[in-house]
Amino acid sequence: MPELPEVEVICRGLVPNLVGRTITAAIFSHQKMRLPLPAQQLSAWITGRKIKAVRRVAKFIVLDMDSSACLVVHLGMTGRLNFFPAGTAPAKHDHARWLLDNGLELRFHDTRRFGSIQVLAPGENPAEVFGELGPDPFRPEFNADYLAGQARGRALPVKNLLMDNRVVTGIGNIYASEILHVSGVNPATPAGHLSLQQWQKIVTNSRLILKAAIACGGTTISDYVNSRGEKGYFQTRLQVYGREGEACPICQKPIKKVRLGGRASYYCPGCQPEPDERKIVKKRR
DNA sequence: ACTGGATCCTGACTGC
DNA sequence: TGCAGTCAGGATCCAG
């Protein structure tokens, strides 16, 4: 389940085999994806074009083409992008294959088909493809004042706020739990209850944890692999996620699991005390 | 306006 | 052994 660090690691791994290469042909499965495949735009702007750069936007992988269009891939939960020698037999759930002029083909494999393939045409508004995106956690705009402003007057659990792409991009279920644990904030705390100090901790720890996860090659819970098919190893450094009943590495209290917004959320009742009942300061409009 | 729940999907796992 | 049910979660839609 790729979040920001996994997507970043995949992007970096794609660069050596993609930048400067030309996509000579493309083959797609007829399986229905979350979003319909933009067949016309793919043939008009992507196939036959050279790849100028590979970059990450939120959890999207973006290939900048010399046509000034972008190929935009989202991995959803189980998506993978891997290279194979051209002509290798396709596997089940290979939904797209782009043949390159270096004898390789780039494949998009997605078991659950929650991922997407889109084209950002030249001149098109990026919001059409990316949607409404908040700042990247590594940008200076992502700071305590900004988060406090976003949270003011809101009763939404802080964990759900952190997972909202319109507030901040790239933080998913695993890292939200980890960031809040290190910050000593209970995930169920209404976002509007947090102090500026707590937001500052969350900002600092978000960057620390995401950076550390990138350095570890990401987190592999079940099926994530990078573009070379290698697993990450940050899962060995997770302190609470997936560790219900185990001792908290900081205070030794057993880690608890709750469901917030339909998502499994892990926390330590010792390090992250239950939220109090203070009234929320109402948002000014 | 805001929030929580349902939905999409397949495979791994559990319990009977 | 085989079947049914549950769970996993990113993004989006919808109802209250």
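Worth saying up front: this structure is predicted, and the values here are computed from it rather than measured. In what follows, every chain begins at residue 1, and chains take the letters A, B, ... in the order their sequences are listed. Hydrogens, waters and symmetry mates are skipped; everything else that's a heavy atom, side chains included, is used.
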Reckon A:Lys159 touches a base, only the sugar-phosphate, or nothing at all at heavy-atom distances under 4.0 Å? nothing
Identify whether any heavy atom of A:Asp110 sits under 4.0 Å from a base atom; if not, whether one sits that close to sugar-phosphate; answer base, sugar-phosphate or nothing. nothing
To the nearest Å, how far apart are [X] [atom1] and [N] [atom2]?
| X | N | atom1 | atom2 | value |
| --- | --- | --- | --- | --- |
| A:Arg166 | C:dC13 | CZ | C1' | 11 Å |
| A:Leu260 | C:dA8 | CG | C1' | 16 Å |
| A:Phe130 | C:dT12 | CZ | C1' | 18 Å |
| A:Leu75 | C:dG10 | CG | P | 12 Å |
| A:His74 | C:dA11 | NE2 | C1' | 7 Å |
| A:Met33 | B:dC9 | CE | C1' | 11 Å |
| A:Met77 | C:dG10 | CE | P | 6 Å |
| A:Leu162 | B:dT3 | CG | P | 14 Å |

Main-chain N/O of A:Gly262 paired to A:Arg259 side chain as donor or acceptor, under 3.5 Å: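 Such a contact is found between A:Arg259 side chain and A:Gly262 backbone.
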Can you find a side chain N or O atom of A:Asn165 that sits less than 4.0 Å from OP1 or OP2 on C:dA11? yes
Give a yes-or-no answer on whether the side chains of [X] and [Y] include a donor-acceptor pair shorter than 3.5 Å.
| X | Y | result |
| --- | --- | --- |
| A:Asn173 | A:Lys159 | yes |
| A:Asn205 | A:Ser183 | yes |
| A:Glu274 | A:Tyr267 | yes |

Stepwise side chain to side chain donor-acceptor pair (under 3.5 Å) test for A:Thr78 and A:Asp110: CA-CA 5 Å; A:Thr78 53; A:Asp110 188 2; 2.6 Å; yes
For the residue pair A:Arg34 and A:Phe114, would you count it as a cation-pi contact if the rule is NZ or CZ under 6.0 angstrom from the ring centre and within 45 degrees of the ring axis?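 No.
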Mark this stacking check for A:Phe114 against C:dA11 as yes or no, applying ring centres under 5.5 Å and ring planes under 30°. no
What one-letter contact string describes nucleotides 10-15 of chain B from 5' to 3', where B marks a base within less than 4.0 Å of any protein heavy atom, S marks contact via sugar-phosphate atoms alone, and - marks no contact? BS----
Should A:Asp101 and A:Thr24 be marked as a side chain to side chain donor-acceptor pair (under 3.5 Å) after you check the CA-CA gap, both sets of side-chain angles, and the distance that decides it? CA-CA 6 Å; A:Asp101 63 351; A:Thr24 56; over 6 Å; no
Please confirm whether any donor atom in the side chain of A:Arg259 sits under 3.5 Å from an acceptor in the base of B:dG5, or the reverse. no
Identify, between A:Arg34 and A:Gly261, the residue whose nearest nucleotide on DNA chain B lies closer to the 5' end.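 The residue mapped nearer the 5' terminus is A:Gly261.
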Mapping A:Lys32 and A:Gly262 to their closest nucleotides on DNA chain B, which lands nearer the 5' end?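 Nearest-nucleotide comparison on DNA chain B picks A:Gly262.
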Any idea which of B:dT3, C:dG10, C:dA8 is nearest the A:Met163 side chain? C:dG10
Of the candidate nucleotides B:dC2, C:dA11, B:dG4, which contains the atom at the shortest distance from the side chain of A:Pro157?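 Taking heavy atoms from C-beta onward, the closest nucleotide is B:dG4.
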With under 30° as parallel and over 60° as perpendicular, where do the rings of A:Phe234 and A:Tyr175 fit, or are they tilted in between?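 Aromatic pair A:Phe234/A:Tyr175 classed tilted.
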Using the six-membered ring wherever Trp is involved, compare the ring planes of A:His95 and A:Phe108 and label them parallel, tilted or perpendicular (cut-offs 30° and 60°). tilted
So what is the 5' to 3' dot-bracket string for DNA chain B, if pairs are Watson-Crick or G-U wobble with both distances under 3.5 Å, crossing pairs use [ ] and | means the partner sits on another strand? .|||||||||||||||
Can you list the residues that meet the side chain to side chain donor-acceptor pair (under 3.5 Å) rule with A:Glu178, with sequence neighbours excluded?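 Result, side chain to side chain donor-acceptor pair (under 3.5 Å) vs A:Glu178: none returned.
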